[in-house]
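Below is one structure, written out as structure tokens; comments come after it.
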Amino acid sequence: MKKEQKFETKIIHDGYSSKDFHGSLVPPIYQTSTFSFETAEQGERRFRGEEDGYIYTRLGNPTVKMLEDRIASLENAEAGLAFGSGMAAVSAVLISLTKSNDHILCSQGVYGCTFGLLQMMQEKYGISHSFSMMQTREQIEEAIKPETACIYVETPINPTMLLIDLQLVVEIAKERNIPVVVDNTFSSPYLQNPIDFGCDIVVHSATKYIGGHGDVIAGLIVGKADTIKNIAMTTLKDIGGVLSPFDAWLLIRGLKTLPVRMDRHCDNAEKIVDELKKHSKIESIYYPGDEESPAFDVMKKQMRRGGGLISFKIKGNKEEAQKLLNELQLIKIAVSLGDAETLIQHPATMTHAVVPKESREQMGITDNLIRLSVGLESWEDIWNDLNQALNQI
Ligand SMILES: *Cc1c(COP(=O)(O)O)cnc(C)c1O
């Protein structure tokens, strides 16, 4: 039996065999919308599902399939599925798991557009949701309702960088037969693998660390083969948020360097946290890889390292937070994360502007909170820029 290979090897080789493609080292791009059948009968067999093979790119494409097999292998899951954006993935999963009058239990603090989707599902289809901090067994148990159809967790939580103990959530969910979905975007498959803790579906915005170069919008999910097949044949096929073969190819390319990039993101973030701690304009820092963080123990349990995202509060108000951003020269003011470039944003007026002020403050998103996606530049240059801007507020 083949010995199970390490993550760093699987990410370069799994799901592709060059001998099947004229020895082409890099997978080809199947830039085609449809596939011709040799006979009418073959077309009939393919549509009946009696014969494997491609039909039409919305239903499957070899380049996209390669990416799907690779992400499944990296997340230790049976199957993977690709989408045209992270939100296409999130919506396909939530719609597939719920029906009218169901309830979705979410971690307190979800991605802004996921929050928007939940509200829309409530208003249009009567699928309700509620939020829980999920920091203790009691907090999770008291939030579950008889009609809870799925538990949806983001960890680390955006942008407060609190963690949720996946093993604890799964334990409680399994007692009640409720599927657990984890948005693993912030960790990437290199830092955290929720399937290993018994989670049912993992979602990624591949736009972030997986693509890693700020040039693709995409989403990926993994889970059990029958769950993934069901989503492929319903909410992906019929709602149609598919990924293009070219974008799948860019992701296969970007993904190969994920472990190398991610270690550098983490190294840089750790250095920046050390410097921020010494700065007089900083009120508090949120980084799960910091030994002083309340999330550190859970980080050790379920993540390889603390990741590339840091949030911090400055001693100041909204105007000073905006001035800090405006004084930066190297660091770019932008939402998104996981790119080579260091990016900074102001959650209260950007990523979380749609969240009502009251919910925002419950989540700890105050006007003096800043989120930094630490890039791959020299950490000294990143710090020099941040330091000079902090000194001007
Ligand atoms: C960006 C992001 C999404 C949405 O992904 P898109 O690719 O922009 O559609 C979902 N969840 C998290 C945590 C994200 O950061």
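Looking only at distances, a side-chain donor or acceptor of E78 sits under 3.5 Å from a matching main-chain atom of A225. Side chain of S85 to main chain of I217: no donor-acceptor pair is present (N/O by atom type, distance under 3.5 Å, no hydrogens or angles). Side-chain atoms of D200 never come within 3.5 Å of backbone atoms of G223 as a donor-acceptor pair (strictly under, hydrogens ignored). No side-chain donor-acceptor contact under 3.5 Å links S33 to the backbone of Y56. A side-chain donor-acceptor contact under 3.5 Å links Q388 to the backbone of E327. Distance alone, capped at 3.5 Å, is enough to place a donor-acceptor pair between the Y287 side chain and the G307 backbone. Put simply, the side chain of R264 never gets that close to the backbone of V260: no donor and acceptor are under 3.5 Å apart. A distance-only check finds a donor-acceptor pair linking the side chain of N61 to the backbone of Y30 [under 3.5 Å]. Looking only at distances, a side-chain donor or acceptor of Q135 sits under 3.5 Å from a matching main-chain atom of L163. With hydrogens and angles disregarded, no donor-acceptor distance shorter than 3.5 Å links the side chain of T57 to the backbone of T34.
Counting only residues at least two apart or on different chains, no salt bridge (Lys or Arg N to Asp or Glu O under 4.0 Å) pair has a member in residues 110-129. Residues in residues 215-227 take part in no side-chain hydrogen bond (donor to acceptor under 3.5 Å, both in side chains) pair, two or more places apart or across chains. The list of side-chain hydrogen bond (donor to acceptor under 3.5 Å, both in side chains) pairs with a residue in residues 141-160, not counting sequence neighbours, reads H103-T148, R137-E141, N158-R371.
A salt bridge between K357 and E361 is present, with a side-chain N of the basic residue lying under 4.0 Å from a carboxylate O of the acidic one. E283 has no carboxylate O lying under 4.0 Å from a charged side-chain N of K315, or vice versa, which leaves the two without a salt bridge. In summary, K277 and E292 engage in a salt bridge, as defined by a charged side-chain N under 4.0 Å from a carboxylate O. In this structure, K271 does not pair ionically with D267, as no charged nitrogen and carboxylate oxygen lie closer than 4.0 Å. Between R304 and D263 there is no salt bridge, since none of the side-chain N atoms of the basic residue sits less than 4.0 Å from a carboxylate O of the acidic one.
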Practice problem: With salt bridge (charged side-chain N to carboxylate O under 4.0 Å, His left out) as the test, would you mind laying out the steps for K281 and E320 before giving the verdict? | Solution: CA-CA 11 Å; K281 295 278 170 59; E320 281 151 327; over 6 Å; no

Exercise. Using the side chain to side chain contact (heavy atoms under 4.5 Å, CB included) rule, take W379 and D274 through it: C-alpha gap first, then chi angles, then the decisive distance, then the call.
Key: CA-CA 11 Å; W379 76 265; D274 285 346; over 6 Å; no

Practice problem: Apply side chain to side chain contact (heavy atoms under 4.5 Å, CB included) to R58 and K237, showing your working. | Solution: CA-CA 6 Å; R58 181 157 40 74; K237 174 172 82 65; 3.9 Å; yes

Quiz prompt | Test log, rule salt bridge (charged side-chain N to carboxylate O under 4.0 Å, His left out), inputs K65 and D69 | solution = CA-CA 6 Å; K65 177 79 166 47; D69 289 348; 3.0 Å; yes

Quiz prompt | Stepwise side chain to side chain contact (heavy atoms under 4.5 Å, CB included) check, M363 with F131 | solution = CA-CA 10 Å; M363 296 180 197; F131 297 99; 5.6 Å; no

Exercise. Determine, stepwise, if the pair I228 / E68 fulfils side chain to side chain contact (heavy atoms under 4.5 Å, CB included).
Key: CA-CA 11 Å; I228 295 298; E68 292 169 341; over 6 Å; no

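Annotation for K300: atom NZ does not count as buried by contact number, only 12 or fewer foreign heavy atoms lying within 6.0 Å. Within a 6.0 Å sphere centred on CD of E358, heavy atoms belonging to other residues, nucleotides or ligands number 12 at most. With a 6.0 Å radius and a threshold of 12 heavy atoms from other residues, nucleotides or ligands, F21 has its CZ atom above the threshold. The local environment of NZ in K229 is sparse, with at most 12 non-hydrogen atoms from other residues, nucleotides or ligands closer than 6.0 Å. At most 12 non-hydrogen atoms from other residues, nucleotides or ligands lie less than 6.0 angstrom from CZ of R253. Other residues, nucleotides and ligands place no more than 12 heavy atoms under 6.0 Å from the CD atom of E38.
Inter-residue side-chain proximity for Y286 and L369 is flagged as met; some heavy-atom pair is nearer than 4.5 Å. Here the side chains of T366 and K313 are in contact, with some heavy-atom distance below 4.5 Å. Residues P179 and I201 are not in side-chain contact: their nearest non-hydrogen atoms beyond the backbone lie 4.5 Å or more apart. By the 4.5 Å heavy-atom criterion applied to side chains, H352 and F115 are not counted as neighbours. Within the 4.5 Å cutoff, the side chain of M134 has heavy atoms near those of the L105 side chain. Side chains of L258 and P189 form a contact here, defined as non-hydrogen atoms less than 4.5 Å apart. Residues Y190 and R305 form no side-chain contact, since every pair of their non-hydrogen atoms from C-beta on lies 4.5 Å or further apart.
Rounded to the nearest 0.5 Å, atoms OG1 (T185) and CD (Q192) are 10.5 Å apart. Distance check: F312 CZ to L386 CG gives 5.0 Å after rounding to the nearest 0.5 Å. In this structure, CD1 in I285 is found 5.0 Å from CG in L276, a value given to the nearest 0.5 Å. Rounding to the nearest 0.5 angstrom, the gap separating the OG1 atom in T63 from the CD1 atom in I29 is 7.0 Å. Between the NZ atom in K6 and the CD1 atom in I11 there is a gap of 15.0 Å [rounded to 0.5 Å]. How far CE of M121 is from CD1 of I127: 4.0 Å, rounded to the nearest 0.5 Å.
What you find for P288 and S293 is that their closest heavy atoms are CA-OG, 3.9 Å. Summarising the geometry of V242 relative to L236, their closest heavy-atom pair is CG1-CD1, 3.7 Å, with the distance given to 0.1 Å. Between C150 and I178, the shortest heavy-atom contact is CA-CG2, 3.6 Å. The heavy-atom pair separating V355 from S359 by the smallest distance is CG1-CB, 3.6 Å.
Hydrophobic clustering, with ILVMFWY side chains joined whenever heavy atoms are under 4.5 angstrom apart, keeps V93 apart from F197. Hydrophobic clustering (side-chain heavy atoms under 4.5 Å, transitive across Ile, Leu, Val, Met, Phe, Trp, Tyr) groups F7 together with M66. If you chain together hydrophobic residues whose side chains sit under 4.5 Å apart, L376 and L250 never meet in one group. No continuous path of ILVMFWY side-chain contacts below 4.5 Å connects M161 to V169, so the two sit in separate hydrophobic clusters. Grouping the Ile, Leu, Val, Met, Phe, Trp and Tyr side chains by contacts below 4.5 angstrom, directly or via other members, places F246 with I71.
Counted by atom type alone, Y16 and S18 present zero donor-acceptor pairs between their side chains at under 3.5 Å. Side-chain contact annotation: Q167 with Q302, donor-acceptor N/O pair under 3.5 Å absent. The closest side-chain donor-acceptor pair between Q122 and H129 falls under 3.5 angstrom. Checked by atom type, the side-chain pair H13/Q5 shows no donor-acceptor distance below 3.5 Å.
Relative ring orientation between H265 and Y209 is described as perpendicular, the plane-to-plane angle rising above 60° on a 0-90° scale split at 30° and 60°.
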